[in-house]
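Here is the structure we will look at.
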Number of protein chains: 2
Amino acid sequence: MASEGPISPAEDKVREESPDELRRSKEAFISHWGEMGSSWGVPRSMAEIHALLFIEGRPLCADEIMDRLQVSRGNVSTTLRQLADWGIVTRVRLRGDRKDHFQAEQDVWTLLSLIVRARKRRELEPLLAALDDASSIAREDVASAADPRAAKEHLARLESMQDALKRLDRLSDRFIGRGGKGLDVAVRLLTSLL
Amino acid sequence: MASEGPISPAEDKVREESPDELRRSKEAFISHWGEMGSSWGVPRSMAEIHALLFIEGRPLCADEIMDRLQVSRGNVSTTLRQLADWGIVTRVRLRGDRKDHFQAEQDVWTLLSLIVRARKRRELEPLLAALDDASSIAREDVASAADPRAAKEHLARLESMQDALKRLDRLSDRFIGRGGKGLDVAVRLLTSLL
DNA sequence: GCGAACTTTCAGAAGATTCTGAAAGTTCGC
DNA sequence: GCGAACTTTCAGAATCTTCTGAAAGTTCGC
């Protein structure tokens, strides 16, 4: 292509690829996803970078992300690493290009599973560990306490919280365990049962 | 010093009520709950105030919360209002006391349902509305687009995200709908099925 | 209607998080 | 081993969120 005409800046690469409406729609998706992320404690630019990769569907390199979202190279690099750690973005090498490219998981249920898994590890599990400690200390304390009644009630509260969270934890292990479609299956199942 | 004076600061009010171990255990719970909250986008002090009310189990007034957590009156007031909006804390009037008192929901499954409900309203639903708009625009665009192939793929991506989120939305309606124990039931059900 | 008791509001301060960009690091072909 | 292409790191800047506290608002008994 670009065969003979010397350099006709805009037209020669007749970029049907972004006919404005499409571009606007992508941008809307990116903003909303970023918005949602930020209310769930995910840095806005992280959510946006993910949204861009998801909605483009093809592997993009750092420079393209910087251009499209107007964020710094450092930010892009750090964020892509984190997204890769979560497993929702993968590094892809394109033949003939030394740049790293990145591609987002395209299956939505797999995506959601991976997100759940990552957050569970980082946030739910440490809390459960702490509750375990807290309640075993409280359990010992029931015997020796000056006010055993109060100690017992306290223990009961801790344990009810612990039980519920443990149950959710075990449940999510099964949903997201091997496969990836676990969540999808579970949701369909429940929808039909309830 | 101050050994024989009429005021013997600590000992005279032999407070069995907080035998140190109990107090420490409560404080540990409060910190961890606060920690978790803050990684899920809930202000730390909001999560802590809730944790305090939950773990005490009895109605507390603003002053007691301020003392225990060392936060300002303004913060306590604002936060209690929000917790009440979420429905996980209720305002209680105690006979003979003009102060408002606040009490946290004690049933953990009800608590979790209420949290899910609140966040769904504030965050999931607006996103769904936006996706609806985005995909109907994209749908119209498929006809007129310069590159219908690209437009179709884009629409497919939007819709797959929309479908999954809608399904979760409907599902959570049922879980949390009337009752409060919906979540509990669903979790037990799934645990036995999967 | 007045004052005391209590609560809410909100502008600005304090604090936390996120982002930038340039320098250091890595990798690769030659 | 060298330089070009690319990536990562991280100190400090920019930004966003949360918190404080004092003033304004409300409610209630009298």
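Every chain is numbered from 1 and lettered A, B, ... according to where its sequence line falls, protein lines coming before strand lines.
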Next on the checklist: Going by purine N1 to pyrimidine N3 plus the second Watson-Crick contact, or the G-U wobble pair, all under 3.5 Å, which nucleotide sits opposite C:dA22?
Outcome noted: D:dT9

Next on the checklist: Can you work out whether B:R44 or A:G74 has the more 5'-proximal nearest nucleotide on DNA chain D?
Outcome noted: A:G74

Checklist entry - Counting side-chain heavy atoms from CB outward, which of C:dT7, C:dT18, D:dC19 is closest to B:S45? => result D:dC19

Item to check | Per A:D100 side chain, nearest of listed nucleotides D:dT7, C:dC6, C:dT20 | outcome: D:dT7

Checklist entry - Base, sugar-phosphate alone, or nothing: which one does A:R73 contact when heavy atoms must sit under 4.0 Å apart? => result base

Checklist entry - So do B:K26 and B:L22 actually touch side chain to side chain, heavy atoms under 4.5 Å? => result yes

Checklist entry - Between B:R81 and C:dT7, does any side-chain N or O lie under 4.0 Å from OP1 or OP2? => result no

Checklist entry - Does the side chain of A:R93 get closer than 4.0 angstrom to OP1 or OP2 of D:dT7 through an N or O atom? => result no

Checklist entry - In terms of the angle between their ring planes, are A:W40 and B:W40 parallel, tilted or perpendicular, with boundaries placed at 30° and 60°? => result perpendicular

Item to check | From A:R121, A:K120, A:R119, residue fulfilling side-chain hydrogen bond (donor to acceptor under 3.5 Å, both in side chains) relative to A:E123 | outcome: A:R119

Between [atom2] on [N] and [atom1] on [X], what's the gap in Å once rounded to a whole number?
X: A:K99; N: D:dA4; atom1: NZ; atom2: C1'; value: 13 Å
X: A:F102; N: D:dT8; atom1: CZ; atom2: P; value: 6 Å
X: B:R98; N: D:dT27; atom1: CZ; atom2: P; value: 11 Å
X: A:L60; N: D:dT7; atom1: CG; atom2: P; value: 13 Å

Checklist entry - Run the side chain to side chain contact (heavy atoms under 4.5 Å, CB included) check on A:L52 and A:F29 step by step: do they pass? => result CA-CA 8 Å; A:L52 171 60; A:F29 174 74; over 6 Å; no

